[in-house]
Amino acid sequence: MKVTLISSVIPLLRLRGGQRGRYETLFRRPSYMQNIRVRFAPSPTGFLHIGGVRTALFNWLFARHNGGTFILRIEDTDQTRSTDESIQAILQGMEWCGMDWDEGPGKDGAHGPYRQTERLSIYREHVEKLLQSGRAYKCYCTPGGLEERRKAAMAEGRPPKYDRKCLGIENPPEGVTPVIRFRADTEGQTVVNDLIKGKVTFENSVLDDLIIMRSDGWPTYNFAVVVDDSTMGITHVLRGDDHLNNTPRQMQMYDALGYDMPQFGHLSMILGSDKARLSKRHGATSIMQYKEMGYLSEAMVNYLVRLGWSFGDQEIFSVEEMIKNFSLESVSSAAAVFNPDKLNWINHHWINAKPPREIAKLLLPMLAQMDLAPAEDGLWSLERLEKIVLAQREKSRTLVEMAELSRYFFVEPEMEQKAAEKFLTPEIKPVLERLIGLLEAIPDSGFNHAELEKVFHLVMEKTGLKMGKVAQPVRVAVTGGTVSPGIYETLEILGKEESLKRLRKVIEKI
RNA sequence: GGUCCCUUCGUCUAGCGGUCUAGGACGACGGCCUCUCACGCCGUAAACACGGGUUCGAGUCCCGUAGGGAUCACCA
């Protein structure tokens, strides 16, 4: 409904062509027509990348903040590289991050289909139109020949532009399936009034006639985006700034096709610690890998939104807060380095802010993977898990860390040699024996923090030892090491039977 | 190499000509708290890339230089 309006209203505001060789986008659309439609258009050639997630997030927030429409489109025209697994990975990643789409795979809207491979007839129509208007032509040059000429041009110091050999060709070679090239306007200049970078001017002389349809009949990126964004009524194209250089040629296509230009906003890249574009070299780049490493989606989204966007001094944002406060004006135009330390800090924050029961549910699969707990979450185990979460979350930066730190709650620990030597001394043996006696006297149902505290105070009273002198040997005895939650919590979670078992075992060895 | 983008503490950033002897956060370091680890709290070190302009006045505007990044495919 609202969609069809766009193409009929916008022509009034069209600012294009007019004078030859002059292309420019509007800086701002009047507010009365802010019927915002944005899209995230990944190509399914791998997993959903961290950088992609941030691009998606900014689009999603922009849409949600403005009450607009967020569209997910799959750019899979490169059939040799696109896979269904990748599509699944993208959908999964989007869902995990909580970014829902209004139109896209599984959500039909008035502008579908949302997979480029299902839109072939649309591209063909548009190519035909350009062919007829003379803005496109067939090119019979072979990839090999092109490559040679490109190299020759480079060697002579000329820019490696296509030489228009096939423009107006009279005797096309037989048996060669041509590609279709867009005839670029190389006069004048194109200015992009970028929402993030500001005014960017390109000389059209740098442009050449790029291929818009391959010999296999599939459109190439620069053409397909224009056709899709136009026919889908996209009003704002927010994408990585690696696309900024493509923008002038795309603008010429909008013009040649008689479509209105959207507004563009080019987000800067995410860099690795060496300031090079983030890649596998810098560690995990797939969003789902972060899930596996024990990061919460809340933390990922929170961290990513702060990479290039700010709201005063605020660091922690719930999704609601992001939506409420997001604005393109506060998006930085400079690239940002991905900082795992800060991610850890934010993850730690959300582990502590999220309800423990929720964390317990997320922890379970981690434990199962480490063979520490069965995958089924019986009520009892979930309750116990919640206690563990409460006891461990202050010191856990990831769920994996939490699981590792909690090992001794599930299996009998290995004794750390140095810790044993230092704390499990003959002098402490009578103290532990006394403690065991008192612990035995506690009824099973009362083996809790309050009772344990009483017992320990009694031991300290009788032995004249300070808390540290008592607690640490007990800690080593039951956990095998020197690090654990408070000793009362630790014993309570372990339970009476297991605690006594471990203490007795230690005493025998002293 | 051509073109385009970017440049405030190690990192993310605040700053939109005077309130900046530059603020916050992560990290680092020191201290306090303490049954260990951690959390928390307090504190310390740490930046306007450089050079010219414009202006009464520049981190903030302009131009150069340097450095970094992106892009120049029948990939997206």
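Letters A, B, ... mirror the listed sequences (proteins, then strands); counts begin at 1. We use all heavy atoms of the structure for the numbers below, so side chains are in, but hydrogens, waters and symmetry mates are not. Quick caveat: nothing in here was measured; it's all calculated off a predicted structure.
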*Asks:* Regarding Y303(A), tell me which of base, sugar-phosphate or nothing describes its non-hydrogen contacts under 4.0 Å with the strands shown.
*Replies:* nothing
*Asks:* For G486(A), answer base if it contacts any base atom (sugar-phosphate contacts may also be present), sugar-phosphate if it contacts only those atoms, and nothing otherwise; contact means non-hydrogen atoms under 4.0 Å.
*Replies:*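 Base contact - G486(A) has a heavy atom under 4.0 Å of at least one base atom.
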*Asks:* Rounding to an integer number of angstrom, what distance separates rC16(B) and rU21(B) when you compare their P atoms?
*Replies:* 14 Å
*Asks:* Taking the P atom in each of rC39(B) and rC29(B), what is the distance between them to the nearest angstrom?
*Replies:* 12 Å
*Asks:* With rounding to the closest Å, how many angstrom separate the C1' atoms on rA28(B) and rU11(B)?
*Replies:* 12 Å
*Asks:* Determine, for nucleotides 69-76 of chain B in 5'-to-3' order, which nucleotides have protein heavy atoms under 4.0 Å from the base (write B), from only the sugar-phosphate (write S), or from neither (write -).
*Replies:* SBS-SBBB
*Asks:* Send over the distance from E329(A) CD to rG15(B) P, rounded to a whole Å.
*Replies:*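 In whole Å, rG15(B) P and E329(A) CD are 12 Å from each other.
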*Asks:* Whole Å only: how far is the NE2 atom of H349(A) from the P atom of rG40(B)?
*Replies:* 11 Å
*Asks:* Is there a side-chain contact (heavy atoms from CB on, under 4.5 Å) between V179(A) and K138(A) once you walk through the steps?
*Replies:* CA-CA 6 Å; V179(A) 298; K138(A) 293 176 180 174; over 6 Å; no
*Asks:* Taking atom P in both rG31(B) and rA47(B), what distance in whole Å separates the two?
*Replies:*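 Rounded to whole Å, the distance is 24 Å.
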*Asks:* Determine whether the aromatic ring centres of residues Y488(A) and F456(A) are separated by less than 6.0 angstrom.
*Replies:* yes
*Asks:* Only pairs with both distances under 3.5 Å count, Watson-Crick or wobble alike; so what is the partner of rU34(B) in this structure?
*Replies:* none
*Asks:* Rounded to whole Å, how long is the line connecting atom CZ of F202(A) with atom C1' of rG2(B)?
*Replies:*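 Result: 13 Å.
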*Asks:* Return the value, rounded to whole Å, for the distance between atom NZ of K199(A) and atom C1' of rC4(B).
*Replies:*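 Distance check: K199(A) NZ to rC4(B) C1' gives 16 Å.
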*Asks:* Do the side chains of R249(A) and D208(A) get close enough for a salt bridge, i.e. N-O under 4.0 angstrom?
*Replies:*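 Judged by the 4.0 Å cut-off on N to carboxylate O distance, R249(A) and D208(A) do form a salt bridge.
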*Asks:* Does any nucleotide pair with rC26(B) by Watson-Crick or G-U wobble geometry, both distances under 3.5 Å, and what is it?
*Replies:*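 Here rC26(B) is engaged in a pair, and the nucleotide opposite it is rG10(B).
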*Asks:* List the steps and the verdict of salt bridge (Lys or Arg N to Asp or Glu O under 4.0 Å) for R73(A) and D229(A).
*Replies:* CA-CA 10 Å; R73(A) 181 173 76 224; D229(A) 286 340; 2.9 Å; yes
*Asks:* Considering only the P atoms, how many Å lie between rC42(B) and rG27(B), rounded to the nearest integer?
*Replies:* 15 Å
*Asks:* Give G308(A) one of three labels, base, sugar-phosphate or nothing, depending on what nucleic acid heavy atoms sit under 4.0 Å from its own.
*Replies:*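 Counting heavy atoms under 4.0 Å across all strands, the contact made by G308(A) is with sugar-phosphate only.
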*Asks:* Please walk me through it: do K454(A) and E451(A) pass salt bridge (Lys or Arg N to Asp or Glu O under 4.0 Å)?
*Replies:* CA-CA 5 Å; K454(A) 281 187 204 160; E451(A) 286 305 311; 3.1 Å; yes
*Asks:* For D163(A), is there an ion pair with K165(A) - N to carboxylate O distance below 4.0 angstrom?
*Replies:* no
*Asks:* So which heavy atom on V478(A) is nearest to which on R502(A), and how close?
*Replies:*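 Distance-wise, the nearest heavy atoms are O-NH1, 2.7 Å.
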*Asks:* Taking NZ, NE, NH1 and NH2 as the nitrogens, is one of them in E147(A) or R150(A) under 4.0 Å from a carboxylate oxygen of the other?
*Replies:*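 Yes, charged N to carboxylate O under 4.0 Å.
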*Asks:* Can you measure M251(A) atom CE to rC4(B) atom P for me and round it to whole angstrom units?
*Replies:*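 In whole Å, rC4(B) P and M251(A) CE are 15 Å from each other.
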*Asks:* Please check if atom CZ in F317(A) has more than 12 non-hydrogen atoms from other residues, nucleotides or ligands closer than 6.0 Å.
*Replies:*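 Count over threshold, so yes.
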*Asks:* On RNA chain B, does the nearest nucleotide to S332(A) precede the nearest nucleotide to A471(A) from the 5' side, or the other way round? Give the residue.
*Replies:* S332(A)
*Asks:* Which part of the nucleic acid does S310(A) contact within heavy-atom distance under 4.0 Å: base, sugar-phosphate only, or nothing?
*Replies:*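 Contact class for S310(A): sugar-phosphate only.
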*Asks:* Is atom CZ of R397(A) surrounded by more than 12 heavy atoms (other residues, nucleotides or ligands) closer than 6.0 Å?
*Replies:* no
*Asks:* Heavy atoms only, 4.0 Å cut-off, all strands: where does I487(A) land among base, sugar-phosphate and nothing?
*Replies:* base
*Asks:* May I have the distance from L491(A) (atom CG) to rC35(B) (atom P), rounded to whole angstrom?
*Replies:* 16 Å
*Asks:* What does nucleotides 58-67 of chain B look like as a protein-contact string, B for base, S for sugar-phosphate only, - for none, at under 4.0 angstrom between heavy atoms?
*Replies:* ----------
*Asks:* Taking only the P atom of each, what is the distance from rG69(B) to rU8(B) in whole angstrom?
*Replies:*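 My reading of the P atoms in rG69(B) and rU8(B) gives 15 Å.
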*Asks:* Would you mind telling me which of R181(A), R164(A), R183(A) makes a salt bridge (charged side-chain N to carboxylate O under 4.0 Å, His left out) with D209(A)?
*Replies:* R164(A)
*Asks:* Taking atom CZ as the centre, does R149(A) end up with more than 12 heavy-atom neighbours from other residues, nucleotides or ligands that are less than 6.0 angstrom away?
*Replies:* yes
*Asks:* Across all strands, who's sitting opposite rC72(B) as a Watson-Crick or G-U wobble pair, both distances under 3.5 Å?
*Replies:* rG1(B)
*Asks:* Could you check, using the six-membered ring where one of them is a Trp, whether Y303(A) and F338(A) have ring centers closer than 6.0 angstrom?
*Replies:* yes
*Asks:* Return the nucleotide paired to rA49(B): Watson-Crick means purine N1 to pyrimidine N3 with N6-O4 or O6-N4, wobble means G-U with N1-O2 and O6-N3, both under 3.5 Å.
*Replies:*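 Because both required distances fall under 3.5 Å, rA49(B) counts as paired with rU65(B).
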*Asks:* What integer number of Å spans the P atoms of rA45(B) and rG30(B)?
*Replies:*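 Comparing P positions in rA45(B) and rG30(B) gives a spacing of 15 Å.
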*Asks:* Which whole-number value in Å describes the distance from E394(A) CD to rU36(B) C1'?
*Replies:*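 Answer to the nearest Å: 15 Å.
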*Asks:* Say we look at rA58(B) and rC50(B): how far apart would their P atoms be, to the nearest angstrom?
*Replies:*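 The same atom, P, in both gives a distance of 15 Å.
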*Asks:* Do nucleotides 22-34 of chain B as a string where each nucleotide becomes B, S or -: B if the base has a protein heavy atom under 4.0 Å, S if just the sugar-phosphate does, - if no protein is that close.
*Replies:* -BBBBS-------
*Asks:* Under 4.0 Å, counting only non-hydrogen atoms across every strand here, what does S396(A) touch: a base, just sugar-phosphate, or nothing?
*Replies:*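 Nothing, no heavy atom under 4.0 Å.
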*Asks:* Could you tell me how far apart F317(A) (CZ) and rC12(B) (P) are, to the nearest whole angstrom?
*Replies:* 17 Å
*Asks:* Can you tell me the Watson-Crick or wobble partner of rA58(B), both distances under 3.5 angstrom?
*Replies:*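 Base-paired to nothing in any strand shown.
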*Asks:* Does any nucleotide pair with rU19(B) by Watson-Crick or G-U wobble geometry, both distances under 3.5 Å, and what is it?
*Replies:*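 For rU19(B), the partner nucleotide comes out as none, under the 3.5 Å rule.
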*Asks:* Counting only heavy atoms not in K429(A) (residues, nucleotides, ligands), do more than 12 fall under 6.0 Å from its NZ?
*Replies:*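 Correct, the count exceeds 12.
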